[in-house]
Student: 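So that we are looking at the same thing, I have put the structure below in structure tokens.
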Amino acid sequence: MKLSERFTDALTFATQLHVNQTRKGGGVPYISHLLGVASIALEYGANEDEAIAALLHDAIEDQGGAATREEIRRCFGDVVTEIVDGCTDSDQTPKPPWLQRKEAYIAHIPTASASVRLVSAADKLHNVWSILKDYRLLGDAVWERFQGGKQGTLWYYRSLVKAFHTAGSTPLVEEFERVVDELERLVGIRANE
């Protein structure tokens with residue numbers, strides 16, 4: 001598949017939206033995460049709308065809510081907007097409590113569209129890779145970055161594995177599960193046991 005100028009436009013839009021945002025716990029520009037998610041999505045068969053949504057998956061949640069949603073719709077269409085909406089755990093300010101948002105997000109995964117599940121799984125896989133890398137460098141200090149702490153964060157990712165499997169196993173979901181398993185082994189616990 002050849003990506004069109006729409007993808008380039010989405011990359012520029014995402015870069016501008018997240019220009020002042022960095023990854024949790026470091027100075028890494030946030031665009032690195034968005035590029036990583038788009039890369040994973042493409043490697044697991046994303047079409048251009050899904051790849052664009054991967055670049056924009058955090059835009060509504062982190063960069064403007066409803067106004068950003070309408071800008072995405074105007075620039076990239078309804079399909080991309082629906083995928084981004086499906087990857088958004090809240091567009092409210094202030095956000096609802098962490099556990100409430102995470103439980104609602106997990107609950108919607110089994111019935112989400114295949115496109116939403118693809119982009120969401122790519123996002124979660126990239127996040128767990130980052131946590132795994134940082135845990136190896138920082139140990140338990142890494143959990144200070146997360147509202148759910150160690151137990152909550154591990155519960156969230158294990159629960160997502162189960163939710164994705166409920167919708168149907170794919171090579172991406174299996175890879176996500178392998179990385180969550182590796183993180184749990186490294187940490188020395190199993191979140192749901």
Side-chain angles (χ1 to χ4, degrees), residues 17-18 21-26 28 30 33-34 36-37 40 53-54 56-69 81-113 115-136 138-169 172-193:
L17 274 179
H18 297 274
Q21 193 176 355
T22 57
R23 293 287 279 161
K24 286 180 182 176
V28 176
Y30 200 77
H33 171 61
L34 305 176
V37 174
I40 293 166
L56 302 176
H57 76 274
D58 280 333
I60 294 169
E61 185 173 317
D62 293 343
Q63 299 298 327
T68 299
R69 176 184 293 107
T81 305
E82 289 169 14
I83 298 168
V84 176
D85 265 333
C87 293
T88 300
D89 79 0
S90 176
D91 64 356
Q92 299 173 2
T93 303
K95 291 181 180 183
W98 181 84
L99 183 59
Q100 178 185 336
R101 286 184 290 121
K102 300 310 177 192
E103 287 175 337
Y105 192 86
I106 292 162
H108 107 281
I109 289 296
T111 59
S113 72
S115 293
V116 168
R117 291 193 316 269
L118 171 67
V119 174
S120 179
D123 170 36
K124 303 317 179 198
L125 175 58
H126 191 265
N127 285 341
V128 173
W129 276 342
S130 295
I131 294 169
L132 188 60
K133 174 189 67 76
D134 290 348
Y135 184 80
R136 286 182 177 130
L138 304 171
D140 281 334
V142 75
W143 306 116
E144 294 168 13
R145 301 175 182 171
F146 300 97
Q147 288 186 40
K150 177 167 55 173
Q151 289 296 331
T153 302
L154 293 171
W155 161 83
Y156 178 57
Y157 287 108
R158 176 55 58 192
S159 297
L160 281 167
V161 166
K162 291 177 180 179
F164 283 118
H165 275 302
T166 298
S169 188
L172 174 54
V173 169
E174 291 170 11
E175 179 62 16
F176 175 51
E177 182 174 26
R178 278 191 289 274
V179 178
V180 171
D181 288 346
E182 184 178 348
L183 179 62
E184 289 175 341
R185 276 193 301 277
L186 187 63
V187 172
I189 63 170
R190 180 83 178 217
N192 290 334
E193 292 181 348

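Only this structure's heavy atoms are used, side chains among them; waters, hydrogens and symmetry mates stay out.
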Student: Quick one: closest heavy-atom pair of Glu175 and Leu125, and the distance?
Tutor: CG-CD2, 3.9 Å
Student: On a heavy-atom basis, which atom in Ile131 and which in Leu183 lie closest, and how many Å separate them?
Tutor: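 The answer is CG2-CD2, 3.8 Å.
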Student: Taking atom CD of Glu144 and atom CG of Leu138, what is their separation to the nearest 0.5 Å?
Tutor: 9.5 Å
Student: Please list all pairs passing the salt bridge (charged side-chain N to carboxylate O under 4.0 Å, His left out) test where one or both residues lie in residues 90-108, with sequence neighbours left out.
Tutor: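 Counting only pairs at least two positions apart or across chains, the salt bridge (charged side-chain N to carboxylate O under 4.0 Å, His left out) contacts touching residues 90-108 are Glu61-Lys95, Asp62-Lys95, Arg69-Asp91, Asp89-Arg101, Asp89-Lys102.
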Student: To the closest 0.5 Å, what do you measure between OG1 (Thr68) and CG (Asp58)?
Tutor: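 CG of Asp58 is found 12.0 Å from OG1 of Thr68.
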Student: Which heavy-atom pair separates Val173 from Gly168 by the least distance, and what is that distance?
Tutor: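 Looks like CG2-O, 4.4 Å.
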Student: Is the backbone N or O of Gly86 less than 3.5 Å from a side-chain atom of His108, with the two atoms forming a donor-acceptor pair by type?
Tutor: yes
Student: What is the minimum heavy-atom distance between Ala121 and Leu172, and which atoms define it?
Tutor: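 In terms of heavy atoms, the two residues are closest at CB-CD2, 3.6 Å.
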Student: Treating Ser115 as the side-chain partner and Ile83 as the backbone partner, does any N or O pair qualify as donor plus acceptor under 3.5 Å?
Tutor: no
Student: Nearest 0.5 Å please: distance from the NE2 atom of His57 over to the CG atom of Asp123.
Tutor: 3.5 Å
Student: Evaluate side chain to side chain contact (heavy atoms under 4.5 Å, CB included) for Arg178 paired with Glu182, printing each intermediate quantity in order.
Tutor: CA-CA 6 Å; Arg178 278 191 289 274; Glu182 184 178 348; over 6 Å; no
Student: Check Ala167 against Pro110 and note the closest heavy-atom contact, atom names and distance.
Tutor: CB-O, 3.7 Å
Student: Please check: side-chain N/O of Ser169 versus main-chain N/O of His165, any donor-acceptor pairing under 3.5 Å?
Tutor: no
Student: For Arg158 and Leu154, run side chain to side chain contact (heavy atoms under 4.5 Å, CB included): C-alpha distance rounded to whole Å, both residues' side-chain angles, the deciding distance at 0.1 Å, then the answer.
Tutor: CA-CA 6 Å; Arg158 176 55 58 192; Leu154 293 171; over 6 Å; no
Student: Rounded to the nearest 0.5 Å, what separates atom CZ in Phe146 from atom CH2 in Trp98?
Tutor: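 Here the interatomic distance stands at 10.0 Å.
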Student: Start with the C-alpha distance between Arg23 and Ser130, add both sets of side-chain angles, then the distance that settles side chain to side chain contact (heavy atoms under 4.5 Å, CB included), and finish with yes or no.
Tutor: CA-CA 10 Å; Arg23 293 287 279 161; Ser130 295; 3.1 Å; yes
Student: Evaluate the ring planes of Phe176 and Phe164, with Trp represented by its six-membered ring, and classify them as parallel (under 30°), tilted (30 to 60°) or perpendicular (over 60°).
Tutor: perpendicular
Student: Assess whether side chain to side chain contact (heavy atoms under 4.5 Å, CB included) is satisfied between Tyr105 and Leu160, documenting all intermediate values.
Tutor: CA-CA 9 Å; Tyr105 192 86; Leu160 281 167; 4.0 Å; yes
Student: Measure the spacing between CG of Leu132 and CZ of Arg185 and express it to the nearest 0.5 Å.
Tutor: 9.5 Å
Student: Between atom CG of Asp181 and atom CG of Leu186, what is the distance when rounded to the nearest 0.5 Å?
Tutor: 12.5 Å
Student: Considering only heavy atoms from C-beta outward, does the side chain of Asn127 approach that of Lys124 to under 4.5 Å?
Tutor: yes
Student: Which heavy atom of Ala59 sits nearest to which heavy atom of Leu17, and what is that distance?
Tutor: CB-CD1, 3.6 Å
Student: For Trp143 and Tyr135, take the angle between the two ring planes, folded into 0 to 90°, and tell me which bin it lands in: parallel under 30, tilted 30 to 60, perpendicular over 60.
Tutor: tilted
